[in-house]
Undergrad: 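One structure follows; several queries about it will come next.
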Amino acid sequence: EAAVTQSPRSKVAVTGGKVTLSCHQTNNHDYMYWYRQDTGHGLRLIHYSYVADSTEKGDIPDGYKASRPSQENFSLILELASLSQTAVYFCASSDSSQNTLYFGAGTRLSVL
Amino acid sequence: AQSVDQPDAHVTLYEGASLELRCSYSYSAAPYLFWYVQYPGQSLQFLLKYITGDAVVKGTKGFEAEFRKSNSSFNLKKSPAHWSDSAKYFCALENTGYQNFYFGKGTSLTVIP
């Protein structure tokens, strides 16, 4: 079964530290996305990618970098984590022919 | 600019009642519209989508949604509601041709047994 796997599932980070969230998909999808979920804001797009070795900015890219080294893998990098980046992060993939997002289980990040 | 509005943050009803969750959108072109559901402690799951064609689209778990171009709405419906429908529901719009998806803030639905 096609799947999107995120790691870690939860993480506690210190302010100013570096955090890397990883995402792996077996859907053979071209598109991958990083969203964050905050109470009162729904899901907001951080970065996305439609091909390996290329990433695009979403609506809220500040403070985040993304990396797509292969079709299957998409990472979100917080170089200097801040308190405001405490949230749940979702990775998703999609096939342009289906227009449907497949989400990972999410990563709960707490920055202290 | 595109946007999705879900005006009701919370909806509560009794099991057996009909449910309707509201969604309105703003988009300059023909929209692709979606509903996703998030059960407590879980990730988001696809429910249904409207791309073109019939205004009423049916999805999983007995849900359907009606696309109304006249008032830019895409409301989610189900009758009767079941306690297991308690979850958070998100309406989304695709930036057509760009594969970008924009989500509303979600509606938390509580169905009382």
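Computed from a prediction, not measured in an experiment: that's the story for all the values here.
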Undergrad: Decide whether Leu76(A) and Ile60(A) are clustered together by the hydrophobic rule: side chain heavy atoms of Ile, Leu, Val, Met, Phe, Trp, Tyr closer than 4.5 Å, transitively.
TA: yes

Undergrad: Non-hydrogen atoms of chain A under 4.5 Å away: do they reach the side chain of Gln45(B), the backbone, both or neither?
TA: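 Interface part for Gln45(B): neither.
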
Undergrad: Which pair of non-hydrogen atoms, one from Lys49(B) and one from Thr100(A), has the smallest distance, and what is that distance?
TA: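 Smallest interatomic distance, heavy atoms only, reads NZ-OG1, 3.7 Å.
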
Undergrad: Is Phe103(B) reachable from Tyr32(B) through a run of hydrophobic residues whose side-chain heavy atoms are each under 4.5 Å from the next?
TA: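 Linked, Tyr32(B) and Phe103(B) end up in one cluster.
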
Undergrad: Could you tell me which non-hydrogen atom of Ala105(A) sits nearest to which non-hydrogen atom of Ser43(B), and how far apart they are?
TA: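 Of all heavy-atom pairs spanning Ala105(A) and Ser43(B), the closest is CA-CB, 3.8 Å.
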
Undergrad: Hey, could you give me the CZ/CG distance between Phe34(B) and Leu101(A), rounded to the nearest 0.5 Å?
TA: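 Spacing of CZ (Phe34(B)) from CG (Leu101(A)) equals 7.5 Å.
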
Undergrad: Checking Asp59(A) against chain B: side chain, backbone, both or neither under 4.5 Å from a heavy atom?
TA: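 Just the side chain, heavy atoms under 4.5 Å.
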
Undergrad: Distance from Leu45(A) atom CG to Asn100(B) atom CG, nearest 0.5 Å?
TA: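 That separation rounds to 6.0 Å.
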
Undergrad: Does Leu21(A) share a hydrophobic cluster with Val111(A), counting links as ILVMFWY side-chain heavy atoms below 4.5 Å and allowing steps through other members?
TA: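 Yes, it is one cluster - the side chains of Leu21(A) and Val111(A) are joined through contacts under 4.5 Å.
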
Undergrad: Please examine the side chains of Ile51(B) and Asn99(A), heavy atoms only from C-beta on, and report whether any two atoms are closer than 4.5 Å.
TA: yes

Undergrad: Counting only non-hydrogen atoms closer than 4.5 Å, does Gln37(A) touch chain B with its backbone (N, CA, C, O), its side chain (CB onward), both, or neither?
TA: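 Contact with chain B is through the side chain of Gln37(A) alone.
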
Undergrad: Looking only at heavy atoms, which two atoms of Phe90(B) and Gly42(A) are closest? And how far apart?
TA: CE2-CA, 3.9 Å

Undergrad: Got a sec: does the OH of Tyr14(B) have more than 12 other heavy atoms crowding it under 6.0 Å?
TA: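 Not more than 12 within 6.0 Å, no.
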
Undergrad: Is there a path of hydrophobic side-chain contacts, each under 4.5 Å between heavy atoms of I/L/V/M/F/W/Y residues, joining Val4(B) to Leu48(B)?
TA: yes

Undergrad: Under a 4.5 Å side-chain heavy-atom rule over Ile, Leu, Val, Met, Phe, Trp and Tyr, are Tyr25(B) and Leu21(B) clustered together?
TA: yes

Undergrad: For Phe46(B), does the CZ atom have more than 12 heavy-atom neighbours from other residues, nucleotides or ligands under 6.0 Å away?
TA: yes

Undergrad: Tell me whether the centres of the aromatic rings in Phe101(B) and Tyr35(A) are closer together than 6.0 Å.
TA: no

